Peer 1: 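Here it is: the structure, laid out below.
Note that the coordinates shown come from a computational prediction; the quantities given were computed from them, not determined experimentally. Just so you know, ligand 1 is whichever comes first in the structure, and atom 1 is the first atom listed for that ligand. Index from 1, following the sequence.
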Amino acid sequence: MNCCTQLAVGLGALLICGCADQPTELHRQRIYAMGTWVDLSIRAADATDAQSLFGEIEVVLSAFEKDYYAWVPGQLAELNDAIHAGEPALVTSPLAALIVEAQRLSALSEGFFEPGLGALVELWGFHSSVQNPQLPPSADEISAHLDAGTKIASLRIDGQRIESSSRGLMLDLGGIAKGAAVDTIISLLLERGIEHALVNAGGDLRVIGRSGGRQDERRWQVGIQHPREIGLLGIVELQSGEAAFTSGDYERFYDRNGTRLHHIIDPQTGYPVTHTQAVTVIATNGVTADAAATALFVAGPGRWRHVARLLDIDYVLRVDASGELELTAPMRDRLRPADGVDSDIISPPDEDGAD
Ligand code: ADP
Ligand code: MG
């Protein structure tokens, strides 16, 4: 039986559960970080605990913005400077661990996920939501960047010491950092004894427990947004620990003679992918889900199922360039029509293409 009454929706909303042995409340907070709104919903015993957790999470997110984003002064920028100078660099162990994982997932995805293409992302102007260039780069500029080296495989990683055999390499963790941030926040919440939470970074999210708390059977219901309309493609129910991440062509883009040029780049050609509108995956952690959504987006028709198998991803929903849906069989079993079903999140695409 669902004993919860939804009192309000949005910032600061509370879901109050009155029939548990120890009444618990769902506390919500919204923090702007990493170019998106991060919506936190956690079930905590009291409001003071929740507020102090929100404060800790804000600090975690600020660190991610500084140290995992290549275009502001911080650890990743320092590493890229060292690579450019042909020197080794020392990074913190969490960043080293993420780079090791990024390298592993890149190799496993046969290079469709390629966090070494930062220079190309910058050339196209997709590193910033406010600096979209008026013109796409020339074919010569693109091939010069491809020749200079865009492969994370060129990194040699020895503990926290990292160097590259390719001085043209520029790391961009934009395709995996949100997953790492969401995982870090979930680990922090578990360490602090929180059993039920949803961490939603602009539609990329992970849950623990159940939305109604221990006494409630109701699992977290999350909406998968439509890539072209304000609304949902469907709703999935997530098991505790699962992450659902989407890569879409509606996040950062500009239109050029009717062609949508957006922020996910095919590492083989150096051009934005045109065959896919969106890919949503469900995985057991945020890092894998984030990298896999990007990899399958790039892999495209004829190849995405093969890459999903390589990455061990069972649940995939792909929307192709014409808006047709393709699903793996396990995803088809889980996806429910959005009509008439309440979801715990709804995040429609931004109309201006900015994050
Ligand atoms: P979002 O961050 O918008 O949710 P993604 O997780 O797919 O979407 O990440 C896209 C970002 O990843 C781009 O903005 C860029 O920084 C980087 N990127 C672009 N193409 C690739 C690629 N082929 N492999 C890895 N990262 C990429
Ligand atoms: Mg991604």
Peer 1: Report, in ascending order of atom number, the atoms of ligand 1 lying under 4.0 Å from any heavy atom of F112.
Peer 2: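 Ligand 1 atoms under the 4.0 Å threshold to F112: 22 (C), 23 (N), 24 (N).
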Peer 1: Charged N to carboxylate O below 4.0 Å: is that the case for E242 and R334?
Peer 2: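 Yes.
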Peer 1: Angle subtended at the Mg ion (ligand 2) by O of G175 and OD1 of D290, to 10 degrees?
Peer 2: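 It comes to 80°.
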Peer 1: Which of the atoms in ligand 1, numbered in the order shown and given with their element, are less than 4.0 Å from a heavy-atom of F113?
Peer 2: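 Checking each atom against F113, I get 24 (N), 25 (C).
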Peer 1: Polar-atom distance check: G175 versus ligand 1, any N or O pair below 3.5 Å?
Peer 2: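 Yes; at least one N/O pair falls below 3.5 Å.
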Peer 1: Just heavy atoms, cut-off under 4.0 Å: does H127 contact ligand 1 by side chain, backbone, both, or neither?
Peer 2: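 No part of H127 is near ligand 1 at this cut-off.
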Peer 1: Of all heavy-atom pairs between R219 and S211, which one has the smallest distance, and what is that distance?
Peer 2: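 That closest heavy-atom pairing would be O-OG, 3.7 Å.
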Peer 1: Indicate if the distance from the Mg ion (ligand 2) to the nearest N, O or S atom of D204 falls below 2.8 Å.
Peer 2: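 Within the cut-off used here (under 2.8 Å), D204 places no N, O or S atom near the Mg ion (ligand 2).
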Peer 1: Tell me if the aromatic rings of Y271 and W124 count as close, with their centers under 6.0 Å from one another.
Peer 2: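 Aromatic pair counts; centres sit under 6.0 Å.
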Peer 1: Run the numbers for me: atoms of ligand 1, each under 4.0 Å from some heavy atom of T246, listed by number.
Peer 2: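 So the answer, numbered in order with elements, is 4 (O).
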Peer 1: Does D266 have a non-hydrogen atom less than 4.0 Å from ligand 1?
Peer 2: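 Per 4.0 Å heavy-atom rule, D266 does not contact ligand 1.
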Peer 1: With heavy atoms only and a cut-off of under 4.0 Å, state how I176 meets ligand 1: side chain, backbone, both or neither.
Peer 2: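 None of I176 does.
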Peer 1: Mark up the atoms of ligand 1 that fall under 4.0 Å of a heavy atom belonging to D172, in ascending order.
Peer 2: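 Answer, ordered by atom number: 15 (C), 16 (O), 17 (C).
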Peer 1: So, for I208 and W220, which heavy atoms are closest and what is the spacing to 0.1 Å?
Peer 2: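 Scanning both residues, the minimum pair turns out to be O-NE1, 3.0 Å.
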Peer 1: Between H263, M34, E114, flag the one that comes closest to atom 8 (O) of ligand 1 by a heavy atom.
Peer 2: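 The nearest heavy atom belongs to H263.
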Peer 1: How does I264 reach ligand 1, by side chain, by backbone, by both or by neither, if only non-hydrogen atoms under 4.0 Å count?
Peer 2: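 Looking at I264 and ligand 1, atoms from backbone and side chain both fall under 4.0 Å.
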Peer 1: Should the pair E56-R192 be classified as a salt bridge under the 4.0 Å nitrogen-to-oxygen rule?
Peer 2: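 Salt bridge flag = yes for R192 with E56.
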Peer 1: Does G174 put an N, O or S atom under 2.8 Å from the Mg ion (ligand 2)?
Peer 2: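 It does not; every qualifying atom lies at 2.8 Å or beyond.
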Peer 1: Should R228 and D249 count as an ion pair when the cut-off is N to O under 4.0 Å?
Peer 2: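 Judged by the 4.0 Å cut-off on N to carboxylate O distance, R228 and D249 do form a salt bridge.
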Peer 1: Output yes when D39 and R30 qualify as a salt bridge under the 4.0 Å nitrogen-oxygen rule, no when they do not.
Peer 2: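 Judged by the 4.0 Å cut-off on N to carboxylate O distance, D39 and R30 do form a salt bridge.
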Peer 1: Hey, does P267 sit under 4.0 Å from ligand 1 if you only count heavy atoms?
Peer 2: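 P267 counts as a contact of ligand 1 under the 4.0 Å cut-off.
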Peer 1: Is the ring centre of H306 less than 6.0 Å from the ring centre of F112?
Peer 2: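 Ring centroids of H306 and F112 are no less than 6.0 Å from each other.
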Peer 1: Under 4.0 Å from a heavy atom of D204: which atoms of ligand 1 are those, numbered in the order shown and with their elements?
Peer 2: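 By the 4.0 Å cutoff, the relevant atoms are 4 (O).
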Peer 1: Does any N or O atom in I265 lie less than 3.5 angstrom from one in ligand 1, N or O only?
Peer 2: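 By distance alone, the answer is yes.
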Peer 1: Would you tell me whether S164 and R156 have side-chain atoms, one donor and one acceptor, within less than 3.5 Å of each other?
Peer 2: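 Short answer, no.
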Peer 1: Is there a donor-acceptor contact under 3.5 Å from the side chain of T288 to the main chain of N285?
Peer 2: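 No, T288 side chain to N285 backbone: no donor-acceptor pair under 3.5 Å.
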Peer 1: Quick check: closest heavy atoms across I194 and A197, and the distance to 0.1 Å?
Peer 2: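 Smallest interatomic distance, heavy atoms only, reads CG2-CB, 4.2 Å.
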Peer 1: Just to be sure I'm reading this right: ignoring hydrogens, which of V273, L117, V298 gets closest to atom 18 (N) of ligand 1? Compare them by their nearest heavy atoms.
Peer 2: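 Among V273, L117, V298, the closest heavy atom to atom 18 (N) of ligand 1 belongs to L117.
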Peer 1: From T294, does some N, O or S atom reach closer than 2.8 Å to the Mg ion (ligand 2)?
Peer 2: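 Yes.
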